[in-house]
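In what follows, every chain begins at residue 1, and chains take the letters A, B, ... in the order their sequences are listed.
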Amino acid sequence: MSSFNPKEFENKWKEKWLSEKLYKASVDKSKKKFYSLYSFPYPSGAGLHVGHVEGMVANDIVARYYRMKGYNTTLPMGWDSFGLPAENYAIKTGIPPKQSTEEVIPSFIDQINNVGISVDWDKEVGAHRPDYYKWTQWLFIQLFKNGLAYKANVRVNWCPKDQTVLANEQVINGRCERCDTPVEQKEMSQWQFKITAYADRLHHDLDKVDWPESTKLMQRNWIGKSEGTTVNFKIKAAENEVGSFEIFTTRIDTIFGCTYTALSPENQILQQIKDNISNWSDVEAYINQARNKTDLQRQTDKEKSGVKLEGVMAINPFNNQEVPIYVVDYVLNTYGTGAIMAVPAHDERDMEFALKFDIPIKNVIIPTQQEYISYIARKWSNDFDKFLTQIQKFNPVYIKKTNDEVLFKFNAEFIDEFIEYATDSVEGQYAWHDAVSESEAVIVFGNDKDEFGGTDVARIPKFLEDERTWLKMKDFEEGVRQYKSLWEMLYNSDYKEKVCPTNYGTLINSDKFDGLSSQEAASKMQEWLEKEGIGSKKTTYRLRDWLVSRQRYWGCPIPIVYDPQGNPHALEEKDLPLLLPEDVDFKPTGESPIARSESFKKLAEEKYGKGWHFEVDTMDTFVDSSWYFLRYCSPDATDVFARTEDMNYWLPTDLYMIGVEHTVLHCLYSRFFTKFLYDQKLINFDEPFYKMRHMGLILGSDGRKMSKRWGNVINPNTEVEKYGADTLRMYEMFMGPLEDPKPWNDRTESGVFRFLSKVWTLNDKVAESIDNENATKQQRIVNKLVKKISDDIDDLSFNTAVAKFMEATNSLASFEKVDRLSWSVFLRLLAPFAPFITEELWNLNGFEYSIHTQSWPEYNSSLNIEEQVTIAIQINGKLRATLNIDFDSEESSVVEKAMILDQVKKFVVGEPKKVIYIKNKVLNIVI
RNA sequence: GCUGCGGUGGUGGAAUGGUAUACACGACGGACUUAAAAUCCGUUGCCCUUUAGGGCGUGUGGGUUCGAGUCCCACCCGCAGUACCA
């Protein structure tokens, strides 16, 4: 037969499948369903890239597998077509986004079909089409009616280049996610969705879904749930109480260590008590300065800053101690209560601030006794080597040595012995030494180096208030003088963690709570607070409401109309969709482009009367993509966003392939919408995506991210042209684990082409009847393959599946003839991976069309029995020989056979101590 | 800093506590060819050795086990997310 030339048949099958709608799936309650979802692609002018292909092929293999297993399977596709790139393209070229978008979509569809993705095209949707965004608007209105969409004046992130508002999530390191421009702060009235109302459920329900743990964790971090306590602090001016404020803390157990409190610059209480603040002008100046700082500046300002409020003090309700109040910009108004109690001894930020402003530091926690104690010793004299040998007697568990430094750890029980030893070794060695007390420190500082810290052996005290130690050291060491206190010196040394322990432990200096563990103390303190009515337990979230207004043209219009007084009203359902006007100049000016549309203005006045006008902002495109998987269920519905019956049948999705970069935002928003609709009783599930997996980034052959800049971009079209779709598909699956980033390699790709050519050639050997013995051998080969491939698809372990196909092909190729029955099994197994070549060979062999609607081969466990196996013979765990034995042989017969091997006789003299036999695997003789 | 993931030949990568390096690429040798490409066959972790064989090997150091890439402890390095979140 001819050589393997995919061009000769790929097009033929592609067109046949499409015209027959081979992959169409409708609701059929008599069958189990499988919903394979690929993330809503953005139809960019650059076309499909190899990363899309990777994810789609994974979706496709699983979909084809389930289809063959008899599931009613759908793999829908649509377009996340609103968004900045099309608008920016329009600004550059003058071509309207609607036109450019509609022009690219057909080529996307074509490319997807060319790689043989089994898409159910009857379900196609596009976010920019009125029949879709009518329902995006409808959903907005439902949120509005339920108080979950509201307009508020907020300080927003503003990108000066894109001239638009950005959600917090779209700000990366203080820069715009898209164009990398530093983000500015701007006060604006903006629409927001109250996603925070769902924070707890969004956090909690992650337990229900099968997602990579790391993804769940990222999402949990984003929601940032933390459980803590609020406490009311009274404010005193002179002898009068002038107000109070609430602080939030997760470490109520440290409250006796509170030596100051701090308010965020935006905290409203400041305005209320300003008459009592004697240095108000300084405070006000600081507040204004903080307000003007961008997030980027706040982040880069490492130095703590703040102003003390003169004339007022706060009262710690636990000990009635008066502590100063500061206004600082390291306290955020958007988290907790915008006020904190500061405990320098147990919080790094508070410690840094306290050191800078000379605020007392009070230790109230002894960390839970550690099993090991670490020491660092630096070389101080020639006796250092002797010192090193002698520390062996403390049984150190770990020693790291460099030329002049040693780090070692030993069991805490040796502490006293060590203090004694260190004292003896170091005394008189040009060193100063002080063992402060049993429970505190060994501090040994050498003086034979110019700089402080050149030599030391130290166990750092848990609470350092020993002025004596400090003064002595200060006399002693030149270097110490640069620090104001022992705290500061040690905090800036290797012993940071020792002087500022931030973990839980046992309370000290805390009155009646002394001796309790952090956990016990916390609950007793909370109880007391609640009884006194001055505090309570509180859960806070880092998550903030979702800002959806965008001052851009190419997005879904917000379905709100304002009356002449400026009050917002939701549009009625019969007036939807509110069409995106086309008489618009989309050049960005900072104002929404739609504001300049005459037809838009006119429409509002005609419909509602003079002075009425529509909202001119459009929605964040994440709104469009938060419900597309629902629309796929009923893409033709005109009276509802999707039919309840259809959604309840198809959802939740059974496999969602999406890049890891989209998981935090898109998935969070989609989950929010789903939960809202569940609460509205429109659907009966409250998590949209059951199983989710990610595809790793495909890098250029130089190991860098694919980019025009590096000239390392691989275009799937070119690869299909060169090798055919099946090769591209199988190569991308063979590259490595699905979720890993992996570089492109042309050579490996051509290796996959060689493999498919081998399959093609092997087809020539297929014979109607071959002898029984060889037929059985081949049936065993493919039978084993059935199990391996099924398992690998279940695990999404496609790289190993491809390897197994290669192995099986090599085995079959060693036969004169190939058994037709085995061949039909082999082709069906390969069909999800290489749909074109398998359909062609299936047809050439005269099997019933189409291979893709055939049933998945069954694994026959009785066929699997092996006659012979090779086992390893080990002596003391070391491989010395291998041995062929009958399958499932008894231990005694195996030992007998092993003992007469030369390799064994050589090592085993007399009776072995022990013999371990693992059936069909290994025999280990211990001598 | 914190959190998570990872570290295996020249390369991409395999390996339910049981023969480490499957499969593929590359390299080397050979066949075919006037030649090249393609194709086919063989070799390919490192070191010693003529063969036979031996020693060493999954980032480092310990531990558990008859047996560790895999489990435990500590450390080093890389990648990703996140960053004044109280």
Within the structure, does a side-chain N or O atom of A/R747 lie under 4.0 Å from either OP1 or OP2 of B/G26?
yes
Closest to the 5' end of RNA chain B, once A/G224 and A/L217 are matched to their nearest nucleotides, is A/L217
Side-chain N or O of A/Y335 less than 4.0 angstrom from OP1 or OP2 on B/A86?
yes
I need a per-nucleotide contact map over nucleotides 50-55 of chain B, read 5' to 3'. Cutoff is protein heavy atoms under 4.0 Å; write B for the base, S for backbone only, - otherwise.
---SSS
Geometric class of the A/F755/A/F805 ring pair [parallel <30°, tilted 30-60°, perpendicular >60°]:
tilted
Can a donor-acceptor pair be found, under 3.5 Å and without considering hydrogens, that links the side chain of A/T215 to the backbone of A/W211?
no
RNA chain B-proximal residues of residues 794-802 of chain A, any heavy atom under 4.0 Å:
A/N799, A/T800
Do A/W744 and A/E749 have side chains that get closer than 4.5 Å, going by heavy atoms?
yes
Taking B/C75 as the reference, what is the distance to B/A80 when you measure between their P atoms (whole Å, please)?
23 Å
Within the pair A/K914 and B/C66, is there a side-chain N or O less than 4.0 Å away from OP1 or OP2?
yes
Determine yes or no for a side-chain-to-main-chain donor-acceptor pair under 3.5 angstrom, with A/Y504 supplying the side chain and A/D253 the backbone.
no
Check: A/R729 side chain, A/A834 main-chain N or O, donor-acceptor pair, under 3.5 Å:
no
Tell me if the aromatic rings of A/Y260 and A/F357 count as close, with their centers under 6.0 Å from one another.
no
Is it the case that B/C84 (base atoms only) and A/K304 (side chain only) share a donor and an acceptor within less than 3.5 Å, ignoring hydrogens and angles?
yes
Looking only at heavy atoms, the pair that brings A/S889 and A/N920 closest together is N-OD1, 4.4 Å
Quick check on RNA chain B: between A/G338 and A/T870, whose nearest nucleotide comes earlier from the 5' end?
A/T870
Using the C1' atom as the reference point in each nucleotide, state the distance between B/C79 and B/G10 in Å, no decimals.
23 Å
Both distances below 3.5 Å, Watson-Crick or wobble geometry, any strand: find the nucleotide opposite B/C46.
B/G55
Expected list for residues 808-816 of chain A near RNA chain B, using heavy atoms below 4.0 Å, is A/N810
Using the P atom as the point on both nucleotides, what is the distance between B/G42 and B/C47, in whole Å?
24 Å
Since syn is defined as within 90° of 0, does B/G57 count as syn or as anti?
anti
Between B/C32 and B/C25, how far apart are the two C1' atoms, rounded to whole Å?
24 Å
The side-chain hydrogen bond (donor to acceptor under 3.5 Å, both in side chains) partner of A/K225 among A/D200, A/T539, A/T540 is A/D200
Note, A/P317 side chain near A/N232 side chain (heavy atom, < 4.5 Å)
no
Is a donor-acceptor pair below 3.5 Å formed from side chain A/K758 to base B/U39, judging by atom type as modelled?
no
Could you measure between the two P atoms, the one in B/U58 and the one in B/G9, and give it in whole Å?
9 Å
For the P atoms, the ones on B/U64 and on B/U70, what distance do you get once it is rounded to whole angstrom?
15 Å
Rounding to the closest angstrom, what is the interatomic distance between B/G69 and B/G7 at atom P?
14 Å
For A/K897, look at atom NZ and say whether over 12 heavy atoms of other residues, nucleotides or ligands are found less than 6.0 Å away.
yes
Which part of the nucleic acid, if any, lies within contact of A/F734, taking any heavy atom under 4.0 Å across all strands shown: a base, the sugar-phosphate backbone alone, or nothing?
base
Is the side chain of A/K765 donor-acceptor paired with the backbone N or O of A/A813 at a distance under 3.5 Å, no angle test?
yes
P-based separation of B/A22 from B/G61 [nearest Å]:
26 Å
Under 4.0 Å, counting only non-hydrogen atoms across every strand here, what does A/E807 touch: a base, just sugar-phosphate, or nothing?
sugar-phosphate
